[in-house]
Amino acid sequence: MRSTISSGYTRLPKAHKISAAVVTAAAGAAVALAAVPATAADTHTLKTVAQNAGSFGETQQAEIAQQTDAAIAQAKTTAAAATKSAADKAAADAKAKADAKAKADAKAKADQERANRSTERKALKPAAPAAKPAAPAPKAYADNLDGWIKESMDILRAKGIPASYDGIKRNVMRESTGNPRAINDWDVNAVNGVPSKGLLQIIDPTFKAYHVEGTSWDIYDPVANITASCAYAADKYGSMDNVNSAY
């Protein structure tokens, strides 16, 4: 069984053990030569052993040195390869980051150019036409003789039919005293079955013949009655202003 007790000394490598053994053998030979008288042949033999032992030790030292140099060279080569690999990785990472940044910058530039073109297109679009002004509110007229005459005159003016406020009012007061529901049931027209009606006492056939577009077809409507009567008077007498009696 091998002892496991440590001697306190560092164990020598195999090569060193061999060198040490050779040296010890040479030394032992030298001691023996010194202690025992020897013949010339013995002396020659011991010298040869000592020389061979020294030569063997030198050979082992040379091999150890070569192995050490080879290990150092291998370590340097490995370190250089590791350094180059790290440098290559760092360069690849830097290139990848640069490429990613360039791609992001190009995308941002393209997006900005698209936004600018969109803004330019919007700017080139013709402006929307201005809103049409609101139609004026219908003119309001009083619901009395004054309002009826004024509304009728606006219609007559638009149609190019002559008449004046005073001429209309004068004939209205003579014919009906301003009553839009007035009806004559005693004159010749009444006898013939077509009594005169309304503000200006017009008969149905005449009202229908001279009805003015845009007014009511009701003969009792004050504006329609005045307008149709003025159209008839303008045709027969030149204007309602020229009528001074029954017409």
Side-chain angles (χ1 to χ4, degrees), residues 108-247:
K109 182 179 179 181
D111 291 344
Q112 185 60 49
E113 289 176 350
R114 281 195 296 271
N116 291 342
R117 287 194 296 272
S118 177
T119 301
E120 290 171 0
R121 284 194 296 271
K122 288 180 181 178
L124 292 175
K125 288 183 179 179
K132 292 181 179 180
K139 188 176 180 178
Y141 301 94
D143 189 20
N144 54 31
L145 181 59
D146 178 70
W148 300 332
I149 293 174
K150 288 179 178 178
E151 184 176 357
S152 179
M153 285 190 63
D154 285 342
I155 297 171
L156 292 168
R157 189 178 298 111
K159 301 295 184 180
I161 301 172
S164 70
Y165 182 93
D166 291 339
I168 293 172
K169 186 174 183 180
R170 173 169 49 81
N171 281 283
V172 166
M173 296 308 293
R174 185 188 69 251
E175 294 290 334
S176 66
T177 66
N179 178 12
R181 304 298 299 180
I183 183 170
N184 186 328
D185 55 4
W186 54 267
D187 67 2
V188 64
N189 290 323
V191 172
N192 293 329
V194 284
S196 302
K197 300 175 182 178
L199 289 175
L200 284 169
Q201 292 295 284
I202 190 171
I203 61 176
D204 284 326
T206 303
F207 175 79
K208 292 176 182 178
Y210 287 92
H211 174 264
V212 176
E213 184 180 359
T215 62
S216 172
W217 281 94
D218 181 4
I219 195 171
Y220 289 107
D221 179 85
V223 174
N225 188 284
I226 292 172
T227 307
S229 298
C230 286
Y232 168 74
D235 181 46
K236 299 300 182 180
Y237 307 103
S239 171
M240 182 61 75
D241 294 351
N242 298 329
V243 178
N244 295 299
S245 62
Y247 61 103

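All values below were derived from every heavy atom in this structure, side-chain atoms included, with hydrogens, water molecules and symmetry-related copies excluded.
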Which distance, rounded to the nearest 0.5 Å, do you find between the [atom1] of [X] and the [atom2] of [Y]?
X      : Y      : atom1 : atom2 : value
Ile203 : Lys197 : CD1   : NZ    : 10.5 Å
Glu151 : Ile155 : CD    : CD1   : 5.0 Å
Tyr141 : Ile149 : OH    : CD1   : 13.0 Å
Ser229 : Ile219 : OG    : CD1   : 8.0 Å
Thr206 : Gln201 : OG1   : CD    : 12.0 Å
Met153 : Ile161 : CE    : CD1   : 12.0 Å

> Does some side-chain heavy atom of Arg174 sit less than 4.5 Å from a side-chain heavy atom of Val243?
Replying inline: yes

Non-hydrogen atoms of [X] and [Y] that approach each other most closely:
X      : Y      : result
Ser239 : Ala163 : OG-CA, 4.0 Å
Phe207 : Ser216 : CZ-O, 3.7 Å
Pro180 : Gly178 : CD-O, 3.3 Å

>> Evaluate Arg170 against Asn244 for side chain to side chain donor-acceptor pair (under 3.5 Å), listing each step before the verdict.
In response: CA-CA 8 Å; Arg170 173 169 49 81; Asn244 295 299; 2.7 Å; yes

Would you confirm whether [X], through its side chain, and [Y], through its main-chain N or O, come within 3.5 Å as a donor-acceptor pair?
X      : Y      : answer
Ser152 : Trp148 : no
Asn189 : Ser196 : no
Thr215 : Ala224 : no
Asn171 : Gly167 : yes
Asn225 : Leu200 : yes

>> Against Val172, only a single residue in Asn179, Leu199, Thr177 fulfils side chain to side chain contact (heavy atoms under 4.5 Å, CB included); can you say which?
In response: Leu199

>> With side chain to side chain contact (heavy atoms under 4.5 Å, CB included) as the test, pick out the partner of Ile168 among Ile226, Thr227, Leu145.
In response: Ile226

> Is any NZ, NE, NH1 or NH2 atom of the basic residue among Lys169 and Asp166 found under 4.0 Å from an Asp or Glu carboxylate oxygen of the other?
Replying inline: no

> Does atom CH2 of Trp217 have more than 12 heavy-atom neighbours from other groups under 6.0 Å away?
Replying inline: yes

>> Are more than 12 heavy atoms, taken from residues, nucleotides or ligands other than Glu213, located less than 6.0 Å from that residue's CD atom?
In response: no

> What class does the angle between the rings of Tyr247 and Tyr232 fall in, given that below 30° is parallel, 30 to 60° is tilted and above 60° is perpendicular?
Replying inline: tilted

